[in-house]
Amino acid sequence: MKSSIVGLAAVLQLAVHASAQDGQSSPSDLENYWSYGHSESVPDTPVAKGLGDWADAYNKARKLVSQMTDEEKNNITYGHASTTTGCSGVTGSVPRLDFPGICFQDAGNGVRGVDMVNSYPAGIHTGASWNRDLAHSRAEHMGAEFRRKGANVALGPVVGPAGRIASGGRNWEGFGSDPYLSGALAAESVRGLQQNVIACVKHLIGNEQETNRNSPYLLEGSHNQSISSNIDDKTIHELYLWGFQDVVRAGAGSVMCSYNRINNSYGCQNSKVMNGLLKGELGFQGFVVSDWTGQHTGIASANAGMDVAMPDSQYWENNTLAIATKNGSMPDFRLDDMATRIIASWYKYAEIPNPGHGIPVSLLEPHDLVDARDPKSKNVILQSAVEGHVLVKNTAGALPLQKPKFLSLFGYDAIPSALNTADDSSLGGWSMGLQNALTYPNGSAVNNETEKYMFLSSTDPSFRGPGVAFNGTLFAGGGSGASTPAYIDAPLHAFQRQAYDDDTYLAWDLISLEPHVNPASDACLVFINEASSEGWDRPYLADPSSDKLVRNVAAKCPNTIVVIHNAGLRLVDEWIENPNITAVLYAHVPGQDSGRALVEVMYGKQSPSGRLPYTVARKESDYKELLEPVIPSGTQNEYYPQDNFTEGVYIDYKAFIQNEIQPRFEFGYGLTYSNFSYLDLDASVHSNANLQYTAAGSGAKIVEGGSEALWDIVASVNCTIQNTGKVRAAEVAQLYVGIPGGPPKVLRGFEKRTIDSGKKEHIQFDLTRRDLSHWDVEKQAWGLQAGKYPIYVGKSVLDIQLHGMLDIS
Ligand code: NOJ
């Protein structure tokens, strides 16, 4: 992928033919650039009423806030420098009313940048598990660690990026490229986290690329604006807001507005997005916090619906908001609502007396060890790691391994990074967890340049560029989602333990690009990775140097098994059809139990049970204009970079099906060590499935998550699955629906079941009104359409086992 050239082409195409013939922009270009229109203004911020089970928290919060002065209310709405904790951000406090302030801490995969915590599998790994219960327990245990460290807010989970751009640098932080899957797992994550702390679901919305996510003037003194994600109303509702709707329904206590602009208005001052969609339509009861330094205006951002500015605020400090309420630039009730939303979330989920007490300013200074780990988390960490492994090729019974006599191991990804030294302190939390939290001061400066050069492929020095392969086993991604493990159980460690039990002879060369292969090898295992980080998008979807290593081993070894730790989708067509490559596993980003989990799966202690939460293409160009980010260049585009989401909801598998492109491995795909058959489909519409529209604001009852009627169950699909193979294994039954006027198939249900050999299980998918509705732009409402809705139940989006039909009239 030649980023700049293809990127430029994409810009030119997507910018609605903006460039004049000579390549220069003319004044009319600007109009064209803005042809998606300006984001609508929604001036009134809904005041939170304390809906549903928020009532108590709101009563208490109103009482507390009523005792605060305007200056005190103002003071808790933005971040203050702390000399006592290293939290990612802390709000002001009101000591006289015993409100100690709030500590915000990254992120969705574990507590970032501290010692005495665990590193959990990443979002994409959890997405690949397709397991709601496990997503819940993972978050519950993680949330408990945040609380023990004194963090009130965990800055996760991620539902935006939604996975639109194949090379997007942060796709690994979310759960995959389908809004239904990602919304379901994010909702469970919110419920799990919020047993102990406030979840902060991010980034609202359209943060699909890292390139130019931020206005570079912050860094370089230029005047460019952030990328504008230009998204039409229907696509916003049916794709980008979908996951946020699920988490609001799950009771999310906070949401982070995004760096980018949405329809030319910055995420953190976009009144349509915050006032209109989130707080109005979805009935959000928590508070909105800016992404770090994502605030670009003062009173306007408060009036647009932002409640907290982080990590500081040049706009809201010095009592600006208090003054604004006095001089009439901002209504009193807005400042009250900001403070009340913050305090209500705190009461409801995270009333912690001593915020940030376990998060020291510097790990290099003497500090009390606050052990956030709980031995009870061990099973959850391991099982979440196991279930995110996706087996995509397995021929000639290559896997599971059965007491091999001689195994050969290759590849830089089998061992922890050798860069784990005190010298890496400058990398700060922007590393991939290559440090283990003893070696760097928490909260050190963001260093994007250094970050790029951590990605050295040990196999080929010429690939010293960003985003290639990480020189060491990839157990976490980079940036604010990185985590600091208690230990790293790398593949080599785990294979050694197993070798001890089985009396296997292990041979390894983890450095050479053209290794020798001992012909006595029963199997040759090649460990490679595909790294990714916040801050930049990936230049390749397959690292050529790692591909070379795989090919070289396969040329000499007829039983070559490839394990890829991939933070994002990774192409394999350079070698996948090579008959010497007998098995391939996408091992994703498993956290600290990487090796142990891999051995569980590769030795058949558990059958692999992950399924791809994205589509793997045969070649990069199959992703078409969704391959890579828009790279601003030229004149207007440089200053006001634009990305028109012209594909609408057609991303990932929806785009592949629409364009009739055969993927290498489709969305939902994954093998087990058993076989399953599907029987007895029954699809029925319930009597309440009337054709009503569920408009917000026009008499519809708004609950958390939007109009109440959206959550009625209006249809059910039943079937039976049977394990017809020889071993106990888990199947993920997937339900796809064809909604009239939309993509032919959209995911609308999934059920993961572990079933003994020979046994059957009954499965019921319940469909809510929302699941079957489309967003009607004219009516500004969700509604069922009269018509036939094809039903597909299967093992993946392309491997459909049962067909049915729902008829709604
Ligand atoms: C910027 C990232 O976009 C966000 O996800 C993170 O939580 C904040 N920085 C705080 O580190």
Side-chain angles (χ1 to χ4, degrees), residues 78-79 81-82 85-91 102-114 122-123 142 146 151-162 168-174 186 189 193 197-215 218-219 226-227 229 243-244 247 252-261 266-268 287-296 306 308-313 356 359 427-433 440 442-448 451 476-484 532-537:
Y78 65 93
S82 169
T85 82
C87 302
S88 309
V90 281
T91 66
I102 289 180
C103 159
F104 293 75
Q105 184 70 6
D106 282 310
N109 308 317
V111 190
R112 174 192 183 191
V114 289
M142 228 158 49
F146 277 93
N152 306 78
V153 181
L155 296 171
V158 167
V159 294
R170 299 187 78 174
N171 291 349
W172 64 275
E173 292 184 58
S189 303
L193 282 168
V197 288
I198 301 167
C200 181
V201 189
K202 58 195 192 181
H203 308 84
L204 183 77
I205 57 174
N207 190 168
E208 295 299 316
Q209 65 177 59
E210 290 302 277
T211 307
N212 245 79
R213 65 175 181 168
N214 246 327
S215 162
L218 287 172
L219 305 170
S226 299
I227 189 85
S229 296
F244 286 97
V247 297
S254 74
V255 160
M256 187 186 289
C257 51
S258 56
Y259 280 141
N260 53 283
R261 295 176 296 149
Y266 272 102
C268 292
F287 62 85
V288 180
V289 57
S290 74
D291 199 342
W292 269 227
T293 70
Q295 185 185 30
H296 298 278
M306 196 175 97
V308 177
M310 277 291 160
D312 49 29
S313 177
I359 305 176
L427 299 176
W430 289 76
S431 63
M432 324 233 353
Y440 73 91
N442 182 40
S444 66
V446 171
N447 186 338
N448 283 311
E451 179 193 347
S480 58
S483 50
T484 45
S532 192
S533 172
E534 178 184 344
W536 44 267
D537 298 302

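Both counts, for ligands and for their atoms, begin at 1 and track the order of listing.
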Next on the checklist: Run S229 and E208 through side chain to side chain donor-acceptor pair (under 3.5 Å) and show every step you take.
Outcome noted: CA-CA 8 Å; S229 296; E208 295 299 316; over 6 Å; no

Checklist entry - Should H203 and R213 be marked as a side chain to side chain contact (heavy atoms under 4.5 Å, CB included) after you check the CA-CA gap, both sets of side-chain angles, and the distance that decides it? => result CA-CA 11 Å; H203 308 84; R213 65 175 181 168; over 6 Å; no

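Between W292 and ligand 1, not a single N/O pair is under 3.5 Å apart. Looking at R170 next to ligand 1, an N or O pair under 3.5 Å apart turns up.
With a 4.0 Å heavy-atom cut-off, ligand 1 is reached by no atom of E173. In S88, neither the side chain nor the backbone holds a heavy atom less than 4.0 Å from any atom of ligand 1. Using a 4.0 Å cut-off between heavy atoms, E534 contacts ligand 1 through its side chain alone, with no backbone atom that close. Contacts between E210 and ligand 1, counted as non-hydrogen atom pairs separated by less than 4.0 Å, are absent for every part of the residue. Contacts between F104 and ligand 1 below 4.0 angstrom, taking non-hydrogen atoms only, are absent altogether.
Qualifying side-chain hydrogen bond (donor to acceptor under 3.5 Å, both in side chains) partners for Y78, counting only residues two or more places apart in sequence or in other chains: none. Residues passing the side-chain hydrogen bond (donor to acceptor under 3.5 Å, both in side chains) test with S258, sequence neighbours excluded: N260.
Listed by atom number, the atoms of ligand 1 under 4.0 Å from K202 heavy atoms are 4 (C), 5 (O), 6 (C), 7 (O). Heavy-atom proximity to D106, at under 4.0 Å, picks out these atoms of ligand 1: 6 (C), 7 (O), 10 (C), 11 (O). Counting the atoms of ligand 1 from 1 in the order shown, those under 4.0 Å from a heavy atom of S480 are 2 (C), 4 (C), 5 (O), 6 (C), 11 (O). Against a heavy-atom cut-off of under 4.0 Å, M256 is close to the following atoms of ligand 1: 4 (C), 7 (O). Taking every non-hydrogen atom of R213 and a distance limit under 4.0 Å, the qualifying atoms of ligand 1 come out as 3 (O). Below 4.0 Å from some heavy atom of L155 lie the following atoms of ligand 1, by number and element: 7 (O). Close contacts between ligand 1 and R112 involve ligand atoms 11 (O) [criterion: under 4.0 Å to a heavy atom].
Put simply, the side chain of T484 gets close to the backbone of V114: a donor and an acceptor are under 3.5 Å apart. Using a distance-only test at 3.5 Å, with no hydrogens or angles considered, no donor-acceptor pair links the side chain of D291 to the main chain of C257.
Note: S483 OG to R112 CZ = 10.5 Å, rounded to the nearest 0.5 Å.
Exactly one of S254, S88, S480 qualifies for a side chain to side chain contact (heavy atoms under 4.5 Å, CB included) with L155. That residue is S88.
For the pair F146 and D106, the tightest heavy-atom approach, listed with the atom from each and the gap, is CE2-O, 3.5 Å.
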